[in-house]
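Presented below is the structure to which this report refers.
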Amino acid sequence: MENRNLRLALQKNGRLTENSLQLLRNCNLDIEKFNDRMIVSVRNYNLDLLFLRDDDIPEYVQEGVADIGIVGEDVVEENKAEVSVVKKLGFGKCKLRIGIPESDEIDNIKALENKRIATSYPNILKKFLKSNNLKANVINISGSVEVTPTLGISDYICDLVSTGNTLKLNKLKSSLTVLESEAVLIKNKNLDELTDKYQIYSKLLARIESVLNAKNSKYLMINVPKDSLQTILKIIPSLKSPTILSLAEENLCAVHAVIPAEKFWEIVDNLKEAGASGILLLPIENIVY
Ligand code: ATP
Ligand code: MG
């Protein structure tokens, strides 16, 4: 009998693994213990997880071996996979950047012209060069790209950078940004909308979206003197209309609002100044619009 479960490919033992699993757990999925197995089922959802090397994920999804996958945008781009990118997931953020010797300066992209640039992202780099009308010698190296300038094999490198520590250790510094990447949800282009599998997929996507919405939002609760209410409502960057409640103390009211998480520290002093007290900021588990 054909397997009716949806199949999701994710990275086995890598930088994206823990965050991918956490996202799925936040979607209330109960994942079997896996101890190195390649296929693992989810106990409370028609979903199987397929653990792969990240480089294989785009192709597995393109070919329909897995229906959907979680992988870095960099890997999708590099593999030129024919898949739909459904959603950015907000983790695994990094930049593909040009690394140059510490003593060099690049003030113009033209500095790349005719240079030897080592990378394990040849397709992305070539596309970048082409779109900037530049010619350079792209050297394809699969690992430890950062040692190639010291070895005299390359002038520059093009590699993923987050802290820049690896570059520093090799007396390099980062320069131009070639690509910004984060983990994305990808989907097989032929997943048929009329199938049960598609229903399973779209319900899972709704859960993922609600978790992502919630993660970026917080629930703000404050007490406000009634005569400052209008001033305070102007300060709150509410995602929808705030709730205003009366309190036992007559000249006070409570304001509850869902706000973008990153705004809190920007507004907290203004709220206090306008007379707000008892300021509480609570996490939200899910937001279903
Ligand atoms: P695999 O064994 O699965 O092939 P890998 O060594 O190719 O693993 P990882 O180093 O685990 O890959 O990186 C996986 C993805 O994480 C990258 O494709 C990129 O999208 C993202 N990533 C890479 N470096 C960083 C970083 N420094 N910070 C955050 N995310 C990163
Ligand atoms: Mg890899």
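Atoms within each ligand, like the ligands themselves, are counted from 1 in listed order.
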**Asked** If you measure from the Lys or Arg side-chain nitrogens to the Asp or Glu carboxylate oxygens, is any gap between R7 and D67 under 4.0 Å?
**Response** no
**Asked** Is K115 atom NZ crowded by more than 12 heavy atoms from other residues, nucleotides or ligands, each under 6.0 Å away?
**Response** yes
**Numbering as shown, the atoms of ligand 1 that approach V75 to under 4.0 Å (heavy-atom distance)** = 18 (O)
**Asked** Any N or O of K12 that comes nearer than 3.5 Å to an N or O of ligand 1?
**Response** no
**Fill in**
One finds that the ligand 1 atoms under 4.0 Å from a non-hydrogen atom of D74 are 17 (C), 18 (O), 19 (C), 20 (O)
**Request:** For atom 9 (P) of ligand 1, grab the closest protein heavy atom and report residue, atom and distance to one decimal in Å.
**Result:** Q11 NE2, 3.7 Å
**Prompt:** Counting heavy atoms only, which of G72, C94, S120 comes nearest to atom 21 (C) of ligand 1?
**Reply:** C94
**Message:** Do the side chains of D36 and K12 get close enough for a salt bridge, i.e. N-O under 4.0 angstrom?
**Reply:** yes
**Complete:** Within 4.0 Å of some non-hydrogen atom of R53, the atoms of ligand 1 are 1 (P), 2 (O), 3 (O), 4 (O)
**Asked** Considering only protein heavy atoms, which is closest to atom 23 (C) of ligand 1, and at what distance to one decimal place?
**Response** L160 CD1, 3.3 Å
**Message:** If you consider just the N/O/S atoms, which atom of D55 is the closest one to the Mg ion (ligand 2)?
**Reply:** OD1
**Fill in**
among protein heavy atoms, the one nearest atom 25 (C) of ligand 1 is R15 CD, 3.5 Å
**Message:** Below 4.0 angstrom, counting only protein heavy atoms, does anything approach atom 6 (O) of ligand 1?
**Reply:** no
**Request:** May I have the step-by-step check of salt bridge (charged side-chain N to carboxylate O under 4.0 Å, His left out) for E77 and K127, ending in yes or no?
**Result:** CA-CA 10 Å; E77 272 279 309; K127 191 171 160 192; 3.5 Å; yes
**Item:** Polar atom proximity, Y121 to ligand 1 (N or O, under 3.5 Å)
**Value:** no
**Message:** Could you identify the single nearest non-hydrogen protein atom to atom 27 (N) of ligand 1 and state the distance to 0.1 Å?
**Reply:** S162 OG, 2.7 Å
**Request:** Find all atoms of ligand 1 within a distance of less than 4.0 Å from any non-hydrogen atom belonging to G14, and give their numbers and elements.
**Result:** 11 (O)
**Asked** What heavy-atom pair brings Q62 and A81 nearest, and what distance separates the two atoms?
**Response** OE1-CA, 3.5 Å
**Prompt:** Considering only heavy atoms from C-beta outward, does the side chain of K87 approach that of E209 to under 4.5 Å?
**Reply:** yes
**Request:** Using only N, O or S atoms, tell me which atom of D54 is closest to the Mg ion (ligand 2).
**Result:** OD1
**N-O pairing of R97 and D159 below 4.0 Å** = no
**E180 bridged to K93 by N-O distance under 4.0 Å** = no
**Request:** Quick one: do K226 and E250 satisfy salt bridge (charged side-chain N to carboxylate O under 4.0 Å, His left out)? Show the steps, please.
**Result:** CA-CA 9 Å; K226 278 188 178 153; E250 227 178 59; over 6 Å; no
